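Only a predicted model underlies this, so the values are computations on that prediction, with no experimental measurement involved. Atoms within each ligand, like the ligands themselves, are counted from 1 in listed order.
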Amino acid sequence: MWGGRFSEGPDAIMEEINASIDFDKKLYSQDIAGSKAHVAMLAHQDIVSGDDAKAIRDGLDKIQAEIEHGEFTFSRALEDIHMNVENRLADLLGPRAGRLHTARSRNDQVATDFRLWVRDSLDTLDGQLAQLQFAFVEKALEHAGVVMPGFTHLQSAQPVTFGHHMLAYVEMLGRDRSRLVDARKRMNESPLGCAALAGTSFPIDRHMTANALGFDRPTANSLDGVSDRDFALEALSGASICAMHLSRFAEELVIWSSAQFRFVTLSDKFSTGSSIMPQKRNPDAAELVRAKVGRIIGALNALLIVMKGLPLTYSKDMQEDKEQAFDALQNLSLCVAAMTGMVKDLEPNKKELKKAAGSGYSTATDLADWLVRTLDMPFRNAHHVTGSLVAMASERNIELHRLSLADMQSIEPSITEDVFSVLSVDKSVRSRLSYGGTAPQNVRKQAKRWLKILEKDLADQQ
Ligand code: ARG
């Protein structure tokens, strides 16, 4: 491509370190779409003839078909997807193929292609995340009244409802989606026509190409247009947070499905057996979702480090932007799909959950609240009295509600029989009616609110 200036070909190692075709061939359809938009604009502006533009467009269509039918030979000697496509076009059309690269450089080309790829993958993720939210909401509605222990420090804290726990993830995923949507809005500017870095002397119409490629507008500064990778960084940062959320639920599934907890049963479809221990059902899919966050955050880190300290504008360093970003966004998509399957099939073991919900003196706060409400005790005193009652029960190794009224009165004489009415886990969760609280009634309301939002989102995506 640049034979004019060179008398020797590259060293074999140079070819190996320099070529990106092994991974950037993934950008073929974005590259071809970008070229078609560019050549249509060149013709519209009378920079190339209508005949040449048509031949180039047909050639590009043929190349796309060749790639999709596995008939295209990618060559490392041609470095990257941009030159592989252009070279094939020259095979097909001869010298007129060379008109395509007028008023364009690989610098604005790659920035455009990669942006389009990231944008597509964010759109796919948004749809997938809506599906996952939907799966959580359905579980929440179905099990709005199922009690389970709520934890802090992984110690029993207060009873909560299974539905409420499911909806916590719906909220997280909602923020994840809004971060990705936000990133998409900001990235939706076209670098095409920035050319190498300074713009071009040809009378191009960047609004036309931006429009053809679904961008909101062209980037306003050509130096920034070719050297900006914020779009990938923002996508990866949103992806990292989302993957972190998924890893938290994955961890809960691992704990919950263990023989020690038995809170839930994961379906066979997302578990594996052991080759030696016949009793085993391992939550492999959940473990992998828990682990994959590592490579996703890794990709964000890697790109931040590649970009830091790079002088404007393009440097070949920036070729290192793609491989890990592809990997990260594809793996996130896989994680979301796996998690959606797991959530759909998830079966809470109501009996175990209820038993566990009542253990660890989880209704102690309800007892303290009763002392405040009924005896008008300041909360701090109530906390102290309750602490003594818990100590008494714990010493005898019994639950709070197994203490007799006389036992209770030995610590606080004004306690009445009525106190037992707040010590059950069902009563406890039903009383948590404060906005955002765990009461089944609240859960149903919130789940229905989400259902409406998600049904609309999913219909819009059809
Ligand atoms: N393969 C290159 C990349 O991914 C394309 C841009 C090359 N530009 C250049 N000036 N060498 O970054």
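- Atoms of ligand 1 lying under 4.0 Å from any heavy atom of S20, numbered from 1 in the order shown and given with element: 1 (N).
- Under a 4.0 Å criterion applied to the non-hydrogen atoms of D80, ligand 1 contributes the atoms 1 (N), 2 (C), 5 (C).
- Here the shortest heavy-atom pairing between V306 and D317 reads CG1-O, 3.5 Å.
- Counting non-hydrogen atoms of neighbouring residues, nucleotides and ligands closer than 6.0 angstrom, the CD atom of E16 reaches no more than 12 such neighbours.
- Look at K26 and D31 and you find no salt bridge, because none of the NZ, NE, NH1 or NH2 atoms lies under 4.0 Å from a carboxylate O.
- When each of R184, R217, R119 is checked for a salt bridge (Lys or Arg N to Asp or Glu O under 4.0 Å) with E189, only R217 meets the rule.
- With respect to atom 6 (C) of ligand 1, the closest heavy atom belonging to the protein is Y314 OH, 3.4 Å.
- Residue N107 holds the heavy atom nearest to atom 10 (N) of ligand 1 of all those in D24, V226, N107, I21.
- From the protein, the heavy atom lying nearest to atom 11 (N) of ligand 1 is R106 NH2, 3.5 Å.
- Using bins of under 30°, 30° to 60° and over 60° for the plane-to-plane angle, the ring pair W256/F263 lands in the tilted bin.
- Using a 4.0 angstrom heavy-atom cutoff, K322 counts as in contact with ligand 1.
- Atom CD of E66 has more than 12 heavy atoms from other residues, nucleotides or ligands within 6.0 Å.
- With a 4.0 Å heavy-atom cut-off, ligand 1 is reached by no atom of E79.
- In this structure, of Q109, H82, Q319, the residue bringing a heavy atom nearest to atom 2 (C) of ligand 1 is Q319.
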